[in-house]
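Notes follow the structure.
Computed from a predicted structure; not experimentally measured. Below, each value reflects all heavy atoms present in this structure, side chains not excepted, and no hydrogens, waters or symmetry copies. Whatever order the structure lists ligands and atoms in, that order sets their numbers, starting from 1.
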Amino acid sequence: PSPPTARLDLDGNPVAPLTICMIGAGGFIGSHLCEKLMAETRHVVLAVDVYCDKIRHLVDPAPPHLAGRISFHRLNIKNDSRLEGLIKMADLTINLAAICTPADYNTRPLDTIYSNFIDALPVVKYCSENSKRLIHFSTCEVYGKTIGSFLPKDHPLRKEPEFYVLKEDESPCIFGPIVKQRWSYACAKQLIERLIFAEGAENGLEFTIVRPFNWIGPRMDFIPGVDGPSEGVPRVLACFSNNLLRREPLKLVDGGQSQRTFVYIKDAIEAVVLMIENPARANGHIFNVGNPNNEVTVRELAQMMTEVYANVSGEAPLDEPMIDVSSSQFYGEGYDDSDKRIPDMTIINKQLGWNPKTPLKDLLETTLTYQQKTYKEAVRRQMSQSSAS
Ligand code: NAD
Ligand code: UDP
């Protein structure tokens, strides 16, 4: 591939190549961001993670046309003195590292809080002390529950956008009680957002905070028993993909009534590249990144995935494609849920002119085609081995 040509920012100025320290580069979002930056820009990436499986094709070894553009640094940011040096070498740090699967929030609350707050502290500190720009990944979960969720079920105000649309600089953060340990993640993310914001206000840290709203696509999480632990519980896309690959019913937690908006990872990555290349427009802002047009209940998602998978695989759906499970059976005690997540898009639209493009049906087709191609054979082999033993 030929090297990408010079790029312009949204104001028509050339973008100088940057060195980016990307922490958590080996994860789902990081892998797509690395691919995009390598394919379309001249930026250099220092990729930091404890794993590189999802970016192996870019770093182990780097293909010749990427020589000098990307390097992998295997380190745990909890306890590695090389971190500050990497942040100092870079113009910009992007922190994606986190424990971010709901099955962990109520069962490993200490790890969740340490990962999302304590371990992120040195990253913020090194950026602030060395006057380096920081793009920090938070979550839409910092909004918690909608105001409308506290109204009676059939109350007309529940339909009014002021009661559910989530606005970066206006909506409150509404979490459940401490015994509902689900909120340990949201609370840790909220506190690190507040700390970053305060570093900006008191010490001039140049920051951008990203709140992803259910970004999904290929390489998200793992398929239990294939490239992750058999008893592991990934996020919903991988749970439902796993059920479909194994011809098991999809499990609907507490009736599958919660609502989510899903955005295609490749659309969302375009928003991140705009943030990287337009610091004057992105600094000091918190951005929702999601697709308000792709709203479904979890039950509707299960129905759509069942239909799309039947087309992709040519296998007829099961007679009973879904079953209900309680949240305490599925996740254990202390689980709670966000009821509805519609991102307000005003700020990202105004600052970066970004809009999501891909409808849910299309992104599920692409993603389930990938899941079937990547995992079907491995799942078949694993199932025949476990039935033989
Ligand atoms: P992911 O789990 O795929 O990626 C996180 C990566 O960070 C992993 O590769 C992990 O190995 C790495 N990591 C974790 N702790 C580390 C440590 N101590 N040292 C080094 N590396 C470490 O998750 P993702 O979906 O790519 O999410 C990235 C970020 O975006 C997270 O901060 C998450 O909270 C946030 N987020 C994502 C979504 C989404 O829709 N995918 C939604 C809300 C928030
Ligand atoms: N969920 C479900 N069945 C599953 C996995 C998840 O019904 O097998 C539900 C979960 O209870 C939540 C929604 O799907 O309401 C989305 O879960 P996910 O793990 O993707 O993360 P969240 O959006 O809650 O952060």
Side-chain angles (χ1 to χ4, degrees), residues 22-33 47-55 73-80 83 94-105 111-112 114-116 118-120 122-123 135-142 182 185-186 188-189 192 209-217 219-222 224 228 233-244 248-265 268-269 272 288-290 296-299 301-302 305 322-327 329-331 335-341:
M22 195 192 300
I23 305 167
F28 164 57
I29 296 175
S31 71
H32 286 275
L33 186 54
V48 174
D49 207 303
V50 288
Y51 305 107
C52 69
D53 300 12
K54 295 183 185 186
I55 52 169
H73 305 264
R74 188 182 303 276
L75 61 94
N76 187 329
I77 61 164
K78 260 183 199 309
N79 49 25
D80 200 305
L83 180 63
I94 301 179
N95 190 6
L96 295 148
I99 288 178
C100 53
T101 35
D104 292 319
Y105 307 162
D111 287 341
T112 300
Y114 274 82
S115 169
N116 283 285
I118 305 287
D119 300 346
V123 177
I135 298 181
H136 185 83
F137 272 71
S138 180
T139 172
C140 59
E141 204 158 315
V142 295
R182 156 71 187 239
Y185 169 73
K189 286 282 203 197
I192 198 75
I209 289 170
V210 186
R211 292 182 179 163
F213 280 66
N214 293 78
W215 301 9
I216 62 173
R219 289 200 294 264
M220 186 169 197
D221 298 338
F222 57 91
V233 179
R235 287 170 284 187
V236 68
L237 175 81
C239 284
F240 286 175
S241 300
N242 183 41
N243 299 142
L244 292 165
E248 298 166 352
L250 279 55
K251 294 182 176 142
L252 300 180
V253 171
D254 292 341
Q257 291 312 301
S258 298
Q259 290 165 285
R260 294 289 188 273
T261 49
F262 293 93
V263 63
Y264 188 38
I265 181 71
I269 288 294
V272 183
N288 287 342
V289 180
V296 280
T297 62
V298 173
R299 181 177 288 277
L301 175 74
M305 284 183 66
M322 291 164 230
I323 50 165
D324 284 324
V325 292
S326 71
S327 57
Q329 268 174 305
F330 192 80
Y331 288 112
Y335 182 75
D336 199 355
D337 210 350
S338 304
D339 53 303
K340 183 175 173 77
R341 290 181 181 159

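Contacts between Leu75 and ligand 1, counted as non-hydrogen atom pairs separated by less than 4.0 Å, involve the backbone only. When non-hydrogen atoms are compared, ligand 1 lies under 4.0 Å from neither the backbone nor the side chain of Phe222. Residue Lys189 touches ligand 1 through its side chain alone, judged by heavy-atom distances below 4.0 Å. In Asn214, the part holding a heavy atom less than 4.0 Å from any atom of ligand 1 is the backbone.
Compare Ala120, Ala98, Gly24, Gly290 by their heavy atoms: the one nearest to atom 14 (C) of ligand 1 is in Ala98. Checking Cys100, Gly26, Ala188, Gly27 against atom 23 (O) of ligand 1, the nearest heavy atom belongs to Cys100. Which of Val289, Asp49, Ile94, Ile77 comes nearest to atom 8 (C) of ligand 1 through a heavy atom is settled by distance: it is Asp49. Taking all heavy atoms of Pro212, Gly217, Cys140, Ala97 into account, the minimum distance to atom 22 (C) of ligand 1 is reached by Ala97.
Once rounded to the nearest 0.5 Å, the distance linking CG of Leu252 with CG of Asp324 reads 5.5 Å. Between the CD1 atom of Ile265 and the CD1 atom of Ile29 there is a distance of 5.0 Å, given to the nearest 0.5 Å.
Looking at ligand 2, you won't find any N or O of Asn243 less than 3.5 Å from one of its N or O atoms. In terms of polar-atom proximity, defined here as any N/O pair under 3.5 Å, Trp215 does make such a contact with ligand 1. Every N/O-N/O distance between Arg235 and ligand 2 stays at or above 3.5 Å. No N or O atom of Phe240 sits closer than 3.5 Å to an N or O atom of ligand 2. Taking any N or O of Val236, backbone or side chain, at least one lies under 3.5 Å from an N or O belonging to ligand 2.
Close approach of ligand 1 to Ser138 is summarised as follows: ligand atoms under 4.0 Å from at least one heavy atom of the residue are 35 (C), 36 (N), 44 (C).
Remark: Phe330 CZ is packed, more than 12 non-hydrogen atoms of other residues, nucleotides or ligands lying under 6.0 Å away.
For atom 37 (C) of ligand 1, the closest non-hydrogen atom on the protein side is Ile29 CD1, 3.7 Å. Considering only non-hydrogen protein atoms, atom 3 (O) of ligand 1 sits nearest to Phe28 N, 2.8 Å. Regarding atom 24 (P) of ligand 1, its nearest protein heavy-atom neighbour is Arg235 NH2, 3.8 Å.
Remark: of the listed residues Thr112, Thr139, Asn116, Asn116 is the sole one forming a side chain to side chain donor-acceptor pair (under 3.5 Å) with Lys189.
Using a distance-only test at 3.5 Å, with no hydrogens or angles considered, no donor-acceptor pair links the side chain of Asp336 to the main chain of Arg182. In this structure, Arg211 contributes its side chain and Cys140 its backbone to no donor-acceptor pair below 3.5 Å. No donor-acceptor pair under 3.5 Å is formed between the side chain of Thr101 and the backbone N or O of Asp104.
Side-chain atoms of Ser258 and Asp339 form no donor-acceptor pair, as typed in the model, at a separation below 3.5 Å.
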